[in-house]
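Per chain, numbering begins at 1; letters A, B, ... match sequence-line order. None of the values given here were measured: they were computed from a predicted structure. Both backbone and side-chain heavy atoms feed into the values below; hydrogens, waters and symmetry mates do not.
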There are 2 protein chains.
Amino acid sequence: MAALKIGRAVEGLSALAHESRLSIFRLLVRAGTDGVAAGEIARKLDVLPNTLSASLAVLSNAGLVTSRRDGRSIIYAADYDRMTSLLTFLVEDCCNGDAAICAPLAIVARRAACC
Amino acid sequence: MAALKIGRAVEGLSALAHESRLSIFRLLVRAGTDGVAAGEIARKLDVLPNTLSASLAVLSNAGLVTSRRDGRSIIYAADYDRMTSLLTFLVEDCCNGDAAICAPLAIVARRAACC
DNA sequence: TCTATATTTCCAGAATTATAGAAATAACAG
DNA sequence: CTGTTATTTCTATAATTCTGGAAATATAGA
């Protein structure tokens with residue numbers, strides 16, 4: 001898990017700071033490494049194909065999703081490594097040594113470790 | 001830690017999706033619950049007072065920071081609870097049961113639990 | 001009250017981002 | 001080659017956000 005530069009972190013946050021793109025990303029996070037075809041995302045979230053394509057391009061440029069072609073479809077998947085880097089960037093060196101503050105953050109990991 | 005609605009999550013991500021605001025937030029995350037006076041933030045990050053004020057207003061409206069007056073100064077502090085909610089929102093129901101993917105997310109908590 | 005410090009509010013021009021229609025490209029099946 | 005499905009690219013308008021100067025507000029001290 002590579003450390004992010006601030007510009008790259010901003011890019012990631014910007015990509016997620018949009019209701020439709022955030023929904024897409026969360027759908028992919030839930031879907032796992034197998035990913036989901038663009039068309040299926042469009043159907044599930046009810047977005048126009050060109051709009052979806054633009055959204056996926058933003059997420060992809062930010063490094064948050066990967067894609068591969070499978071026949072006529074293009075399969076998108078969340079990049080968990082990048083997601084972890086982004087979250088880590090936000091909490092890095094958190095709270096200056098006060099355990100009582102940081103402890104609740106463990107909940108994030110516990111929730112994430114759904115499995 | 002209350003669960004976030006997507007609109008509120010987008011608001012938080014938008015607030016952080018800006019280099020100067022992200023630097024301010026991370027400064028406050030490191031500083032702990034005591035917080036930092038606006039003037040000191042301006043000095044440390046070298047931003048104009050009016051620009052800083054606008055940035056702090058955005059972070060505050062997004063619920064990511066709190067403020068209190070102390071004499072002539074206004075002290076800002078990170079809202080760790082909200083930060084945790086936002087991180088949780090991103091990883092919720094992650095990866096559909098595949099432990100190998102989610103495990104690295106524990107790093108986030110470990111890094112956060114700096115103390 | 002007068003002055004200095006700390007911070008915010010107001011404002012307008014500049015820059016960036018979002019949206020959707022239409023056309024283009026890619027892959028497959030007959 | 002033709003037609004169909006899947007997705008992207010192009011393009012222009014609309015909407016939002018950023019920036020910094022100037023003025024306003026709040027607090028404290030003499």
Side-chain angles (χ1 to χ4, degrees), chain A residues 6-28 31 34-79, chain B residues 6-28 31 34-79:
Chain A
I6 188 164
R8 204 72 180 124
V10 167
E11 214 178 338
L13 292 164
S14 296
L16 296 173
H18 181 279
E19 185 157 332
S20 176
R21 289 196 302 258
L22 182 55
S23 298
I24 294 165
F25 182 71
R26 297 220 307 160
L27 174 72
L28 293 176
D34 285 354
V36 183
E40 196 182 334
I41 300 173
R43 244 173 290 120
K44 282 190 173 161
L45 300 181
D46 190 33
V47 290
L48 293 173
N50 59 347
T51 302
L52 176 69
S53 187
S55 294
L56 287 168
V58 171
L59 289 168
S60 182
N61 287 331
L64 289 165
V65 305
T66 57
S67 62
R68 67 194 148 88
R69 181 174 279 279
D70 175 28
R72 273 177 285 199
S73 297
I74 296 184
I75 314 290
Y76 285 86
D79 186 323
Chain B
I6 188 164
R8 203 76 180 120
V10 168
E11 214 178 339
L13 292 164
S14 296
L16 295 173
H18 181 280
E19 185 157 332
S20 175
R21 290 196 300 260
L22 182 55
S23 298
I24 294 165
F25 182 70
R26 295 220 308 160
L27 174 72
L28 293 175
D34 285 355
V36 182
E40 197 182 333
I41 300 172
R43 245 173 289 120
K44 282 190 171 159
L45 300 181
D46 190 33
V47 291
L48 293 173
N50 59 346
T51 302
L52 176 69
S53 186
S55 293
L56 287 168
V58 172
L59 290 167
S60 182
N61 287 331
L64 290 165
V65 304
T66 58
S67 62
R68 67 194 147 88
R69 181 175 279 279
D70 176 29
R72 273 177 285 199
S73 296
I74 295 184
I75 314 289
Y76 285 86
D79 186 322

Nearest-angstrom distance from the residue atom CZ of R68(B) to C1' of dT27(D): 16 Å
Classify S73(A) by what it touches in the nucleic acid, base, sugar-phosphate, or nothing, heavy-atom distance under 4.0 Å. sugar-phosphate
Atom-pair distance (CG on L56(B); C1' on dT8(C)), nearest Å: 11 Å
Test item: T66(B) and I75(B) side chains (from C-beta on) under 4.5 Å apart, heavy atoms: no
Note: for G39(B) and R72(A) on DNA chain C, the residue whose nearest nucleotide lies more 5' is G39(B)
Look at the side chain of S23(A) and the backbone N and O of E19(A), then say whether any donor-acceptor pair between them is shorter than 3.5 Å. yes
Using a cut-off of less than 4.0 Å, is there contact between a side-chain N or O of R69(B) and OP1 or OP2 of dA6(C)? no
Let's see if you can work this out: which of dA22(C), dT8(C), dC18(D) has an atom nearest to the side-chain heavy atoms of R21(B)? dC18(D)
Distance, rounded to the nearest Å, where H18(A) contributes NE2 and dT17(D) contributes P: 11 Å
Separation of dT5(D) P from I74(A) CD1 (nearest whole Å): 18 Å
Exam field: side chain R21(B) to backbone S14(B), donor-acceptor pair closer than 3.5 Å: yes
Which part of the nucleic acid, if any, lies within reach of R43(A) when heavy atoms closer than 4.0 Å are counted: base, sugar-phosphate only, or nothing? nothing
N50(B) CG to dA12(C) C1', in whole Å, measures 14 Å
Would you give the length of the straight line joining atom CG of L59(A) to atom CG of L22(A), rounded to the nearest 0.5 angstrom? 9.0 Å
In whole Å, what is the span from the CG atom of L52(B) to the C1' atom of dT8(C)? 11 Å
Between dT16(C) (P) and E11(A) (CD): distance, integer Å: 14 Å
Does S55(A) use its side chain to pair, donor to acceptor, with the backbone of T51(A) at less than 3.5 Å? yes
Grab the CG-P distance between L48(A) and dT19(C) for me, whole Å please. 10 Å
Look at Y76(A) and dT8(D) and indicate whether a side-chain polar atom (N or O) is within less than 4.0 Å of OP1 or OP2. yes
